[in-house]
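Note that ligands are numbered from 1 as they come in the structure, with each ligand's atoms numbered from 1 the same way. What you see is a predicted model, and the numbers here were worked out from it, not measured in a lab. Note that the numbering runs from 1 along the sequence shown for the chain.
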Amino acid sequence: MDIRFDDKVCVVTGSARGIGYALAELLVDSGARVVMIDVLAERLAESAATLGAKGSVTAYPQDITRIGELGPLVSRIRAEVGEIDVLIQPAAVGPQRYAADITEQEWDDVFAVNTKALFFLMREVVGQSMVPRGSGSVVNFSSIAGLVGMRKPLCSAHYSASKGAVVAITRQGAAEWAEHGVRVNAVASGGVLTEMTMSLIGDDLDKATALVPLGRLSQPQDVASAVLFYASDLAANITGQLFVVDGGGYGAQSDPGYLTPEQIAAYARS
Ligand SMILES: NC(=O)c1ccc[n+]([C@@H]2O[C@H](COP(=O)([O-])OP(=O)(O)OC[C@H]3O[C@@H](n4cnc5c(N)ncnc54)[C@H](O)[C@@H]3O)[C@@H](O)[C@H]2O)c1
């Protein structure tokens, strides 16, 4: 069964690179009119040019933490591309910092993107384009870090808290807007092989892989394809849900912390 989005207007934040880019590509391939938003203007232009060769793509360089600009941005998208059917929100920052070291400014910077901007952009899109038409689908990005405590070195209390809040925002949005035919779901991924992850785990890829029951970290496309199912009409009666894409780590106790790096590497290959 093909997931198709023919002529649907699908907005993807943080789509200059990483999982957002993979989502934009799958959406273009499935017939959508794709709107790409990112703060990285140059990278966004390159990515939009690449995908634009295959289908309908419009790019809007935007720092989504400028909350006052989100209403006008959504109005522009509606006027220039069309009413919005799908909103997918991977845009986020993921700095690594131990709890003892996080400053107030760093805490606020993480929440500004991952939580506050995500809420206000969702509210604008739902309010302007989805409620008036009685339909629409939103998929927000949480993280495994928002569900469980992370062991050192991959821990960041502000990031984890911001991603836990995304689950609450998603459930609240689903509850409030169901009567208007608007669905809101969230994805929590484990490790995904993107620039964000590689900048954090670097040489420890073998160790991170050894923790995954299915034996590998996700590729961006693994997450993107699950997100597209929830965004699509195939999930027409699903809302307020959190779905996990992580190769089974959340569902299993997998802590080979007592193994040497060589044993972990062998375990990952076996
Ligand atoms: N990569 C992982 O292992 C992993 C694991 C769990 C959850 N996630 C989540 O998946 C999502 C995508 O992650 P990724 O690995 O593709 O990250 P990434 O860093 O490659 O991409 C994030 C994108 O968001 C954009 N962005 C950041 N701040 C912005 C702002 N203020 N305005 C507009 N755009 C902004 C960035 O420029 C970037 O293009 C994030 O929400 C992340 O928290 C990722």
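For residues 230-239, every residue pair satisfying the salt bridge (Lys or Arg N to Asp or Glu O under 4.0 Å) rule, not counting sequence neighbours, is listed here: Lys8-Asp233.
No side-chain donor from either of Asp246 and Ser189 sits under 3.5 Å from a side-chain acceptor of the other. Side-chain contact check for Glu80 and Tyr60: at least one donor-acceptor pair (N or O, by modelled atom type) lies under 3.5 Å.
Distance alone, capped at 3.5 Å, is enough to place a donor-acceptor pair between the Thr239 side chain and the Val184 backbone. Using modelled atom types, no side-chain atom of Asn114 and backbone atom of Tyr159 make a donor-acceptor pair closer than 3.5 Å. A donor-acceptor pair under 3.5 Å is formed between the side chain of Asn185 and the backbone N or O of Gly240. Counting only distance, with no hydrogens or angles, the side chain of Asp2 and the backbone of Arg4 share no donor-acceptor pair below 3.5 Å. Side-chain atoms of Glu124 do not come within 3.5 Å of backbone N or O of Leu121 as any donor-acceptor pair. Side chain of Ser156 to main chain of Pro95: a donor-acceptor pair is present (N/O by atom type, distance under 3.5 Å, no hydrogens or angles). Under a 3.5 Å cut-off, the side chain of Arg33 and the backbone N or O of Asp7 do form a donor-acceptor pair.
Within the 4.0 Å heavy-atom cutoff, Leu40 counts among the residues contacting ligand 1.
Screening Glu25, Glu46, Glu42, Glu195 for a salt bridge (Lys or Arg N to Asp or Glu O under 4.0 Å) involving Arg17 leaves a single residue, Glu195.
Looking at atom 43 (O) of ligand 1, its nearest protein heavy atom turns out to be Tyr159 OH, 2.6 Å. Given atom 7 (C) of ligand 1, the protein heavy atom at minimum distance is Ser189 OG, 3.2 Å. For atom 10 (O) of ligand 1, the closest non-hydrogen atom of the protein is Phe141 CD2, 3.3 Å. When only non-hydrogen protein atoms are considered, atom 16 (O) of ligand 1 lies nearest to Ile19 N, 2.8 Å. Atom 27 (C) of ligand 1 has as its closest protein heavy atom Ala92 O, 3.4 Å. Here the protein heavy atom with the shortest distance to atom 36 (C) of ligand 1 is Asp38 OD1, 3.5 Å. Scanning the protein heavy atoms around atom 5 (C) of ligand 1, the nearest turns out to be Gly190 O, 3.0 Å. For atom 28 (N) of ligand 1, the closest non-hydrogen atom of the protein is Val113 CG1, 3.7 Å.
A heavy-atom distance below 4.5 Å is not found between the side chains of Val11 and Val74.
Ligand 1 has an N or O atom lying under 3.5 Å from an N or O atom of Ile64, backbone or side chain. Considering backbone and side-chain N/O atoms, Ile144 never comes within less than 3.5 Å of an N/O atom of ligand 1. Residue Ala16 places no N or O, backbone or side chain, under 3.5 Å from any N or O of ligand 1. Of the N or O atoms in Arg17, one or more lie within a sub-3.5 Å distance of an N or O in ligand 1. On a distance-only criterion, Gln89 and ligand 1 share no N/O pair closer than 3.5 Å. Between Val39 and ligand 1, an N or O atom pair is found at a separation short of 3.5 Å. At least one N/O-N/O distance between Pro90 and ligand 1 falls below 3.5 Å. Taking distance alone, with nitrogen or oxygen atoms compared against 3.5 Å, Asp63 approaches ligand 1 more closely than that limit.
With ligand atoms numbered from 1 in the order given, ligand 1 contributes 32 (N), 33 (C) to contacts under 4.0 Å with heavy atoms of Gln62. Every atom of ligand 1 is numbered from 1 in the order shown, and the set under 4.0 Å from a heavy atom of Gly191 is 3 (O). Counting atoms of ligand 1 from 1 in the listed order, those under 4.0 Å from a heavy atom of Thr194 are 1 (N), 14 (P), 15 (O), 16 (O). Atoms of ligand 1 lying under 4.0 Å from any heavy atom of Thr197, numbered from 1 in the order shown and given with element: 1 (N), 2 (C), 3 (O). Interface atoms of ligand 1 facing Lys163, defined by a heavy-atom separation under 4.0 Å, are 40 (C), 41 (O), 42 (C), 43 (O). Atoms of ligand 1 lying under 4.0 Å from at least one heavy atom of Thr65, given by number and element, are 31 (N). The Ser143 neighbourhood of ligand 1 comprises atoms 6 (C), 7 (C), with distances under 4.0 Å to a heavy atom of that residue. Set against the non-hydrogen atoms of Gly18, the atoms of ligand 1 under 4.0 Å away are 16 (O), 20 (O).
Ion pair Arg43/Asp38 not flagged as a salt bridge, since none of the NZ, NE, NH1 or NH2 atoms sits closer than 4.0 Å to an Asp/Glu carboxylate oxygen. With salt bridges taken as basic N to acidic carboxylate O contacts below 4.0 Å, one links Arg216 and Asp222.
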List the atom pairs, donor and acceptor, that lie under 3.5 Å between side-chain atoms in residues 130-138 and the rest of the protein, sequence neighbours left out.
{"residue": "Arg133", "atom": "NE", "partner": "Ser129", "partner atom": "O", "Å": "2.7"}
{"residue": "Arg133", "atom": "NH1", "partner": "Asp85", "partner atom": "OD1", "Å": "3.4"}
{"residue": "Arg133", "atom": "NH2", "partner": "Ile84", "partner atom": "O", "Å": "2.6"}
{"residue": "Arg133", "atom": "NH2", "partner": "Ser129", "partner atom": "O", "Å": "3.3"}
{"residue": "Ser137", "atom": "OG", "partner": "Arg183", "partner atom": "NH2", "Å": "3.4"}
{"residue": "Ser137", "atom": "OG", "partner": "Ala231", "partner atom": "O", "Å": "3.2"}

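Looking at Ser142 against ligand 1, only its backbone comes within 4.0 Å, counting heavy atoms.
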